[in-house]
Amino acid sequence: MTRLIPTAILIGATAALASCASDKPKANAEVVAASRVTTIGVNAYLWRAALDAVSFMPIAQTDSNGGVIVTDWYQNPALPSERMKVTVTILDQDLRADAVQVAAQRQTYAGGQWSDAPVQAATVQKLEEIILSKARDLRRAAVAG
């Protein structure tokens, strides 16, 4: 036997719950700047830092819920016979060193065509370090004020 709850009781209960929720203390800076920020699908500090780190390159695609940033080919004006393409993936909602992964492609121009060339592991590692450092700075700035 199902029992129906009158609408007035449901509305009253909802209002009571809402008033309890508004009695909560305001969030302090520590909570706002927590290492896990989930308004998007991934950690917001890592996301912002990754966007900043590759901002000099043309962005081909971004997905903040999936945590992927793909750049288009970037050709350094000082080195016109070389170009790079980078994919940054944010893997977690926590601000951790293993939550960011960078993959890079490099091509060189010779004989009228572009051909794939190896990317030094140090290049990818350095970009990951830059992103992590920027993310930590963003978090510290949020905690400080």
Side-chain angles (χ1 to χ4, degrees), residues 5 7-145:
I5 301 173
T7 305
I9 293 174
L10 285 176
I11 292 171
T14 304
L17 286 173
S19 69
C20 289
S22 66
D23 291 340
K24 286 180 162 177
K26 300 290 182 206
N28 62 24
E30 289 261 344
V31 173
V32 171
S35 66
R36 175 179 276 204
V37 181
T38 58
T39 56
I40 57 177
V42 295
N43 184 277
Y45 301 121
L46 286 172
W47 180 255
R48 182 72 245 163
L51 283 173
D52 287 349
V54 297
S55 64
F56 67 97
M57 302 176 86
I59 303 292
Q61 176 183 351
T62 60
D63 176 11
S64 62
N65 285 321
V68 179
I69 301 168
V70 180
T71 69
D72 203 353
W73 289 105
Y74 169 73
Q75 194 170 351
N76 184 344
L79 215 57
S81 64
E82 224 177 79
R83 65 183 187 176
M84 291 203 59
K85 186 176 192 173
V86 174
T87 301
V88 180
T89 308
I90 310 298
L91 303 168
D92 202 344
Q93 293 177 345
D94 289 328
L95 177 52
R96 300 182 340 202
D98 62 349
V100 63
Q101 181 180 17
V102 175
Q105 295 176 304
R106 179 176 161 249
Q107 291 184 338
T108 55
Y109 190 76
Q113 70 181 39
W114 291 100
S115 57
D116 290 338
V119 177
Q120 293 181 358
T123 303
V124 170
Q125 187 176 19
K126 182 66 176 170
L127 190 51
E128 287 176 353
E129 289 172 9
I130 289 168
I131 292 168
L132 286 166
S133 179
K134 285 181 183 248
R136 289 182 190 120
D137 290 346
L138 290 169
R139 184 172 184 268
R140 276 190 219 109
V143 169

Note to self: Any non-hydrogen side-chain atom of P58 less than 4.5 Å from a side-chain atom of T71?
What the structure shows: no
Check: Mind checking whether V68 and V88 have side chains closer than 4.5 Å, heavy atoms only?
Finding: no
Next item on the list: Evaluate the side-chain proximity of Y45 to R136: yes if any heavy-atom separation is below 4.5 Å, no if none is.
Entry: no
Item checked: L91 vs D98, side chain to side chain contact (heavy atoms under 4.5 Å, CB included): CA-CA, chis, key distance, verdict -> CA-CA 8 Å; L91 303 168; D98 62 349; over 6 Å; no
Next item on the list: Would you list the pairs meeting salt bridge (Lys or Arg N to Asp or Glu O under 4.0 Å) in which at least one residue belongs to residues 45-72, sequence neighbours left out?
Entry: R48-D52
Next item on the list: Nearest 0.5 Å please: distance from the CD atom of Q125 over to the CD1 atom of I130.
Entry: 11.5 Å
Check: Would you say the side chain of Q75 lies within less than 4.5 Å of the side chain of P80, judging by non-hydrogen atoms?
Finding: yes
Notebook entry, point to check: Shortest non-hydrogen contact from I131 to A53?
Noted result: CG1-CB, 3.7 Å
Next item on the list: Just do the side chain to side chain contact (heavy atoms under 4.5 Å, CB included) check on D92 and I90 with the steps written out, would you?
Entry: CA-CA 6 Å; D92 202 344; I90 310 298; 5.9 Å; no
Note to self: Give me the atom names and distance for the closest heavy-atom approach of A104 to M84.
What the structure shows: CB-CE, 3.6 Å
Next item on the list: Grab the two heavy atoms, one from A135 and one from A49, that are nearest each other, plus how far apart they are.
Entry: N-CB, 3.4 Å
Next item on the list: List the steps, then state whether side chain to side chain contact (heavy atoms under 4.5 Å, CB included) holds for S64 with V42.
Entry: CA-CA 7 Å; S64 62; V42 295; 5.7 Å; no
Margin query: So V86 and W73, do their side chains get closer than 4.5 Å, heavy atoms only?
Written below: no
Check: If you look only at pairs with a residue in residues 104-116, which of them pass as a salt bridge (Lys or Arg N to Asp or Glu O under 4.0 Å), with sequence neighbours excluded?
Finding: E82-R106
Notebook entry, point to check: When rounded to the nearest 0.5 angstrom, what distance separates CG in L46 from CG in L51?
Noted result: 11.0 Å
Item checked: Considering all heavy atoms, the nearest N43-L95 contact -> ND2-N, 3.3 Å
Check: Does some side-chain heavy atom of T87 sit less than 4.5 Å from a side-chain heavy atom of V102?
Finding: no
Note to self: Any salt bridge linking K134 with D137? Criterion: basic side-chain nitrogen under 4.0 Å from a carboxylate oxygen.
What the structure shows: no
Next item on the list: Test side chain to side chain contact (heavy atoms under 4.5 Å, CB included) on R83 and Y74 and set out the steps.
Entry: CA-CA 5 Å; R83 65 183 187 176; Y74 169 73; over 6 Å; no
